[in-house]
Colleague: 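There's a structure below that I have some questions on.
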Protein chains: 2
Amino acid sequence: MPRSPTPRRRATLASLAAELKVSRTTISNAYNRPDQLSPDLRERILATAKQMGYAGPDPVARSLRTRKAGAVGLVITEPLTYSFSDPAALNFVAGLAETCEQAGQGLLLVAVGPSRSVEEGSSAVLSAGVDGFVVYAAPDEDPYLQLVRERGLPLVVVDQPSDVPGASFVGIADRAAMRELADYVVGLGHREIGLLTLRLGNRDDADADGRAQAALVSSERLRDTPFRAQSERIAGVRDAMSAAGLGDDALTIVESFEHDAVSGGAAAELALTANPRITALMCTADVLALAAMDHLRARGIYVPGQMTVTGFDGVPEAVKRGLTTVSQPSLEKGRRAGSLLHQPPRSGLPVVDILPTELIRGRTAGPPG
Amino acid sequence: MPRSPTPRRRATLASLAAELKVSRTTISNAYNRPDQLSPDLRERILATAKQMGYAGPDPVARSLRTRKAGAVGLVITEPLTYSFSDPAALNFVAGLAETCEQAGQGLLLVAVGPSRSVEEGSSAVLSAGVDGFVVYAAPDEDPYLQLVRERGLPLVVVDQPSDVPGASFVGIADRAAMRELADYVVGLGHREIGLLTLRLGNRDDADADGRAQAALVSSERLRDTPFRAQSERIAGVRDAMSAAGLGDDALTIVESFEHDAVSGGAAAELALTANPRITALMCTADVLALAAMDHLRARGIYVPGQMTVTGFDGVPEAVKRGLTTVSQPSLEKGRRAGSLLHQPPRSGLPVVDILPTELIRGRTAGPPG
DNA sequence: GTGAAAGCGCTAACAG
DNA sequence: CTGTTAGCGCTTTCAC
């Protein structure tokens, strides 16, 4: 009975060697160091390899031997739906993917969504065959970040938290950037401001009514939030206001629990209801600002004539719609995070990389109406 | 001198065993089969593990041993920028990521962009430590798809090509769906139609002027295109037109080389110039249709009064703007592709899964003006 | 409950 | 140019 071209047992480097009566090294060389053997022999090897259905050295075995996985792990602790609906996050991933591509590395999305228990997510982190990790915008004390640290691999943290020992950091100066924007808004004459932020914690921490899309933020909640980037931006607004002699009561902070338009609209409505004298609605994210603008339009409130609206991120749609915002280089953040992993600094020391932001004076901010 | 808590050489299961004077099996059991040893012992093992900086069994070594990588590979042959700017592609990825998350699997983005040579991209495919592959919207004869097939792992092809031997397929009935839409448009009375499509091949194949954003499509180019989904949709339009007694000359086909608004606008312009009698602009993708609408507005051409515009995909922005289009379940495609890999059919045979589409009669189609 | 033995498939010296 | 020798770190029967 003739050999099947696709033998029961998958071909391995060893079986190929046996078949061809050469050593395993030679086969290995045929794939990894073509200059170490005669072209003829190599040709013959590749030919029988194909015929035996051998697609080349097993990646896993190679990884074990070389101690290189050829991939970096990306851990995003927010639900995927959030990240995939946020252009800033998406751009970040694109930038990271780009450098991975250039470095010939894979990008492993490590699954740690809320749909699994912490234990299950943990196993995903622990079983990721990667050479390093990027952790994107994790809250303080995040269990997965903790786990990643324990793996002891090179680690780059993006956006937050900014103080992970041993890890490099890529981010922006959230507080200063937001302050600059707030200085501008205050400079226009606004004295009662609404501030819309993305969620600062678990929904049920904030509101007994689990169905609410948005809620007023208490000072305790603000103090205790593990979402550093958001709270820094809020602090930036406060900085500008107190510099102008405005107290905390002039600022109405509302958090939106979801990343969508409905939630953003609800947050805007809540802010306006809580303090009807608000003349400016600042938002810690463009998605929120766009949702707020839609909501205001539906309510017949004209921007910027009757209400100033500002965002944060500088996503394309926001820029297109003339939103006054702060633009941050999301794509570049991804690239930096990638290079830090692919071409680590010679010192081996963690790097802190604060990228520049830019105030964009759009068409949605003006003097109080 | 006391042992350093972080020894030079990384701790392994074996070193832990030596330290604790138990067998390697026992350590392994402590992590993989907690019920196989006394809680006390397990506790002790985990404690010293932590102290020695051992984060658990090495994922790569485990993979080699168990023959499971715990991840699926996603190969997207289009440039990342395309995919990340196309909500339909994004939703697909989100759906796939979702099932991976639920299955506790990682999702490995395999880097095969155009920024690297085919050879380099190949190595990425060959060195991906995964249990299966999803190949998204690959052109016919794609070298990477070829390579993936040679790896001999479970494979799910999405959208195109639809006839990969041994692979499962997830997609939609492109031709029929587009025909339904075209029947509707023709039924409204349109007799001269412009058809905007995404690229059908390499740019330089089509046009000597490498700077052109768009080009008229010859029948040869259409016949030879490796992008099956696009050509099927075009065929659907033709079906409807010939059923109405309209010849090929009533259809002006233009391809847009880039995925962005500029390119889409240029394509629209080109179609209108090539045949000024066009009363309807059908597009094989919503991104194109939206760009066309923006362009028409800038030109002062009213939709649908003076021009009917239709899309394909049913992305949120299109629906929001009232585009008449065909909606396809992108998210669901991702989920299906994932389940096909995670819970393969008992038969082991390839599955062909054609998902339903829905004609959305928006506000952008009307009788010829 | 615990241990000994046998590899998973490969690459990296180092000799020849 | 080619072969020999040693593992990489782990899991898994199968005995004890």
Side-chain angles (χ1 to χ4, degrees), chain A residues 7-46 49 52-70 123 126-131 151-153, chain B residues 7-46 49 52-70 123 126-131 151-153:
Chain A
R8 179 129 319 179
R9 206 164 183 353
R10 276 193 78 72
T12 72
L13 190 148
S15 65
L16 240 187
E19 178 80 16
L20 284 161
K21 301 196 196 309
V22 297
S23 83
R24 307 204 302 276
T25 308
T26 302
I27 310 288
S28 177
N29 282 338
Y31 286 96
N32 302 317
R33 309 185 185 175
D35 52 315
Q36 294 296 293
L37 70 175
S38 68
D40 294 18
L41 180 52
R42 184 171 132 93
E43 216 34 69
R44 241 179 65 224
I45 291 176
L46 263 34
M52 290 178 67
Y54 179 71
D58 180 301
V60 174
R62 170 187 277 156
S63 288
L64 176 59
R65 188 59 241 238
T66 62
R67 315 267 53 203
K68 300 226 153 306
S123 100
L126 291 174
S127 63
V130 298
D131 300 318
R151 289 265 322 247
L153 296 172
Chain B
R8 180 129 316 177
R9 204 163 184 354
R10 277 192 76 73
T12 72
L13 189 147
S15 66
L16 239 188
E19 177 79 17
L20 283 161
K21 302 194 195 311
V22 297
S23 82
R24 308 205 299 277
T25 309
T26 302
I27 310 288
S28 177
N29 282 339
Y31 286 96
N32 302 317
R33 308 186 184 172
D35 52 315
Q36 294 298 294
L37 71 175
S38 66
D40 294 16
L41 180 52
R42 176 158 194 264
E43 214 36 67
R44 241 177 68 220
I45 291 177
L46 264 33
M52 289 177 68
Y54 179 72
D58 180 301
V60 175
R62 167 186 278 156
S63 288
L64 177 58
R65 190 55 240 243
T66 61
R67 313 268 60 202
K68 301 231 154 306
S123 99
L126 291 174
S127 63
V130 298
D131 300 319
R151 290 252 339 233
L153 296 173

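The sequence lines fix the lettering, A, B, ..., with proteins before strands; numbering per chain opens at 1.
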Colleague: Can you give one letter per nucleotide of nucleotides 11-16 of chain C, 5' to 3': B if a protein heavy atom sits under 4.0 Å from the base, S if only from the sugar-phosphate, - if neither?
Modeller: BBB---

Colleague: Between atom CD1 in A:I45 and atom C1' in D:dG3, what is the gap in whole Å?
Modeller: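 About 13 Å, once rounded to whole Å.
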
Colleague: Quick one, A:T26 and A:L20 - any side-chain contact, counting heavy atoms below 4.5 Å?
Modeller: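 The answer is no; the side chains never approach within 4.5 Å.
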
Colleague: Determine whether more than 12 heavy atoms belonging to other residues, nucleotides or ligands lie under 6.0 Å from atom CD of B:Q36.
Modeller: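 Yes, the 6.0 Å shell around CD holds more than 12 heavy atoms from other groups.
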
Colleague: Between D:dT2 atom C1' and A:D35 atom CG, what is the distance in whole Å?
Modeller: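 Result: 14 Å.
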
Colleague: Describe the nucleic acid contact of A:Y31 in one word from base, sugar-phosphate, nothing, applying a heavy-atom distance below 4.0 Å.
Modeller: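 Nothing: the residue A:Y31, judged by heavy atoms under 4.0 Å, touches no strand.
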
Colleague: To the nearest Å, give me how far apart CG (B:L64) and C1' (C:dC10) are.
Modeller: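 Going from CG in B:L64 over to C1' in C:dC10 covers 8 Å.
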
Colleague: Base, sugar-phosphate alone, or nothing: which one does A:V60 contact when heavy atoms must sit under 4.0 Å apart?
Modeller: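 The residue A:V60 makes no contact with any strand.
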
Colleague: Taking all heavy atoms of A:P59 and all of B:A128, pick out the closest pair and write down the distance.
Modeller: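 Taking every non-hydrogen atom into account, CG-O, 3.6 Å.
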
Colleague: Can you check the B:Q36 CD to D:dT12 P distance for me, whole Å?
Modeller: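 Spelled out: CD on B:Q36 to P on D:dT12 is 12 Å.
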
Colleague: Any side-chain to backbone donor/acceptor pair from B:S28 onto B:R24? Under 3.5 Å, distance only.
Modeller: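 Between the backbone of B:R24 and the side chain of B:S28 there is no qualifying donor-acceptor contact (under 3.5 Å).
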
Colleague: Mapping B:N29 and A:P59 to their closest nucleotides on DNA chain C, which lands nearer the 5' end?
Modeller: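 Per heavy-atom nearest nucleotide, the more 5' residue is B:N29.
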
Colleague: NZ of B:K68 versus P of D:dT12: gap in Å, rounded?
Modeller: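 Atom NZ in B:K68 sits about 11 Å away from atom P in D:dT12.
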
Colleague: Rounded to the nearest Å, what distance is computed from the CG atom of residue A:L16 to the C1' atom of nucleotide C:dC10?
Modeller: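 In whole Å, C:dC10 C1' and A:L16 CG are 13 Å from each other.
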
Colleague: Within the structure shown, what part of the strands sits under 4.0 Å from B:L37 by heavy-atom distance: base, sugar-phosphate, or nothing?
Modeller: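 Sugar-phosphate contact only - B:L37 comes under 4.0 Å of backbone atoms but never of a base.
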
Colleague: Minimum heavy-atom separation for B:A11 to B:M52, with atom names?
Modeller: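 Of all heavy-atom pairs spanning B:A11 and B:M52, the closest is CB-O, 3.9 Å.
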
Colleague: Of the candidate nucleotides C:dC8, D:dG9, D:dT2, which contains the atom at the shortest distance from the side chain of B:R67?
Modeller: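 Output: C:dC8.
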
Colleague: Nearest-nucleotide wise, let me know which of B:K21 and A:Y54 is further upstream toward the 5' end of DNA chain C.
Modeller: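 Comparing both residues, the 5'-ward one is B:K21.
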
Colleague: Report the nucleotide, chosen from C:dG3, C:dG9, C:dT2, that has the shortest atom-to-atom distance to any side-chain atom of B:V22.
Modeller: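 The nucleotide sitting nearest to the side chain is C:dG3.
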
Colleague: Between B:S15 and B:T12, is there a side-chain heavy-atom distance shorter than 4.5 Å?
Modeller: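 They are in side-chain contact.
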
Colleague: OP1 or OP2 of C:dG9 less than 4.0 angstrom from a side-chain nitrogen or oxygen of A:T12, does that happen here?
Modeller: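 A:T12 to C:dG9 OP1/OP2: no side-chain N or O under 4.0 Å.
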
Colleague: So A:L37 and A:V22, do their side chains get closer than 4.5 Å, heavy atoms only?
Modeller: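 Not touching, per the 4.5 Å side-chain cut-off.
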
Colleague: Are OP1 or OP2 of D:dC1 and a side-chain N or O of A:S38 less than 4.0 angstrom apart?
Modeller: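 For A:S38, the contact criterion (side-chain N or O under 4.0 Å from OP1 or OP2 of D:dC1) is not met.
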
